[in-house]
2 protein chains.
Amino acid sequence: MAHVATPVPLVPAPADASALRVTDAASLAPVISIRDVKKRCQTCGMRELCLPIALTGDEMKQFDALVAHRTKLKKADTLYRAGESFHALYAIQFGSLKTVVLAEDGREQVIGYHMLGEIIGFDGIDNDRHHAAAIALEDTEVCALPFVSIAQLARIMPALQQNLHHMLSTEHSRAQSVMLMLGSMHAAERLATFLLNLADRYRQRGYSSTEYVLRMTREEIGSYLGLKLETVSRLFARFHQEGLIHVQGRSVKLLDTAALKKITA
Amino acid sequence: MAHVATPVPLVPAPADASALRVTDAASLAPVISIRDVKKRCQTCGMRELCLPIALTGDEMKQFDALVAHRTKLKKADTLYRAGESFHALYAIQFGSLKTVVLAEDGREQVIGYHMLGEIIGFDGIDNDRHHAAAIALEDTEVCALPFVSIAQLARIMPALQQNLHHMLSTEHSRAQSVMLMLGSMHAAERLATFLLNLADRYRQRGYSSTEYVLRMTREEIGSYLGLKLETVSRLFARFHQEGLIHVQGRSVKLLDTAALKKITA
DNA sequence: CGACTAGTTGAGGCCAGTCAATGTTGGTGG
DNA sequence: CCACCAACATTGACTGGCCTCAACTAGTCG
């Protein structure tokens, strides 16, 4: 069963006064000295995609200082649950997560698939509680960025403010695209859109855009696309047969992206 | 046919130097003096729901000063189109608008229905272009809030910054709910959810929550809900027959909200 | 008054869902 | 290392909900 991740301090927290309680959520709060966090934004491979893009060296240092801690998640671990109090955004260092919302009757729907370099948690800002839950799909590591600190820093650092606005807006645009997909596309169009979208995001990250490994089960993909797992499975088979892709379990190879693109339009 | 609205200055713009070109989009830019805008935030009935909530009197004045102009829209007028350059958010004074996104093949999907007191335009922040179009569903009036000014003011006015973040996040949460609806609900559940959502929003605005007039056609409602207009029409008839609602064209009266709520879950 | 748009209602078809059986994969412990 | 098990995936047969097509009505505006 999935359990809540207990953030692992990279270095044992010292017992002296420099130890700082970063958050108020007792169950999640690690006692950890900020000075002891080893990895820094300056050396982070993801900084090009993260909040501090376009910051000067000095600004970067200030931003770096507010990173509360890094959290390691194992597969199926929960980063935050729906209804849980919000205090931080999370930058994904590596790995991937899904975000899910629950209907009142218990049905759940995957509404997001997030990979390294992306920032999640925006849904908690408006009423200090998360609407969705975030669950790791594999071994994953995230940086916790306390939101009050970000907001504070954004006031004196226009570039950071702009980045924050951009990220919030990008999330919104992404959501709009998903709505378009769910509202007006057929099953095959949805899957093709999904496969091409993944290809694009892997390409942006310097990975192969034609060959990748899915991190979600057929059921999770189906949930994200508003389809049943059997439908997803059948579509994979059909695309494979038609020579558009090669599928072997979760390994996917796009063979004819032009044809896939044609399906989406 | 829908045509782009030409914002009507409330007072003829003077020809002197105080005339200020508020925007660069030539076709949309009204030449209007900021000093001549009559209505102020202080006297606006919508200020409780708008960006300046919780601002002090002095802060409110500063915010008020940045409101570039008010725009009057007739039914079917376009406030902004997809692809158009972004420069302002819009606060809806009265009336309502739909937001629509277009797929590459020309299909369009309604992704939002916005009423007085709401702020739209957030989708343009990330790459300075709007992703969706906003179209008036009736005679409507909006305040244009230049985004650079808002951002600037937010840096020195934490309450405004917080409001801005909240609004962006609320939009995100709303989008998540729509995704849940489109991805995992049946036709009847979707319509019931829609009707109850409208009831709630009218209630928040001090209107009747059990009796209201729809501003959208069956086709637009269907597009928003991912259904065809015939399906929407049939569902209205069914709900009516079952005594859940009373429908007469676009006038709706909710008779059994408990039963409607039950349908959604 | 005619033309047009919006809405209703019916008949029939198809796409995706449901139910069910079987195959495959990956992790765990003997 | 292999056997076992559970989770994941595939495939087939059938069903049903929503879409499509179509005819008709009601209301609106020039």
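Each chain gets a letter, A, B and so on, in the order the sequences are listed, and its residues count up from 1.
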Revision key, fill the gap. From the list A/E220, A/E118, A/R201, side chain to side chain contact (heavy atoms under 4.5 Å, CB included) partner of A/Y113 resolves to A/R201
Nearest-angstrom distance from the residue atom [atom1] of [X] to [atom2] of [N]:
X	N	atom1	atom2	value
A/H240	D/dT11	NE2	C1'	15 Å
A/E230	C/dT18	CD	C1'	7 Å
B/M185	C/dG17	CE	P	16 Å
A/Q248	C/dG26	CD	C1'	14 Å
A/L225	C/dC15	CG	P	19 Å

hbond_proxy [X] side chain to [N] base (donor-acceptor, 3.5 Å cutoff):
X	N	answer
A/R238	D/dT10	no
B/R234	C/dG10	yes
A/E220	D/dC8	no

Check your understanding: Does a side-chain N or O from A/R218 land closer than 4.0 Å to OP1 or OP2 of D/dT10, or not?
Key -> yes
Exercise for review: Kindly say if B/S233 contacts the phosphate of C/dG7, meaning a side-chain N or O under 4.0 Å from OP1 or OP2.
Suggested key: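 No, because none of the side-chain N or O atoms of B/S233 sits under 4.0 Å from OP1 or OP2 of C/dG7.
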Review point. Where do B/E189 and A/R107 land on the salt bridge (charged side-chain N to carboxylate O under 4.0 Å, His left out) test, with the steps shown first?
Key: CA-CA 13 Å; B/E189 305 178 84; A/R107 265 179 308 188; 2.8 Å; yes
Review point. Picking from D/dA9, C/dT8, C/dA16, which would you name as closest to the side chain of B/L229?
Key: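 Looking only at heavy atoms from C-beta outward on B/L229, the closest nucleotide is C/dT8.
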Revision key, fill the gap. Winner on side-chain proximity to A/T231, out of D/dC18, C/dG17, D/dT20, is C/dG17
Practice item. Report the residue (A/H186 or A/R250) whose heavy-atom-nearest nucleotide on DNA chain D is the more 5′ of the two. Key: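 Going by which nucleotide is closer to the 5' end, it is A/R250.
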Review point. Which is true for B/G222 with a 4.0 Å heavy-atom rule: it touches a base, it touches only sugar-phosphate, or it touches nothing?
Key: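 Counting heavy atoms under 4.0 Å across all strands, no contact is made by B/G222.
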Exercise for review: Could you tell me whether B/Y207 and B/Y212 have their ring centroids closer than 6.0 angstrom?
Suggested key: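 Aromatic pair excluded; centres sit 6.0 Å or further apart.
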**Study point:** Side-chain touch A/T217/A/R250, heavy atoms, less than 4.5 angstrom
**Key:**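 Yes - at least one pair of side-chain heavy atoms lies under 4.5 Å apart.
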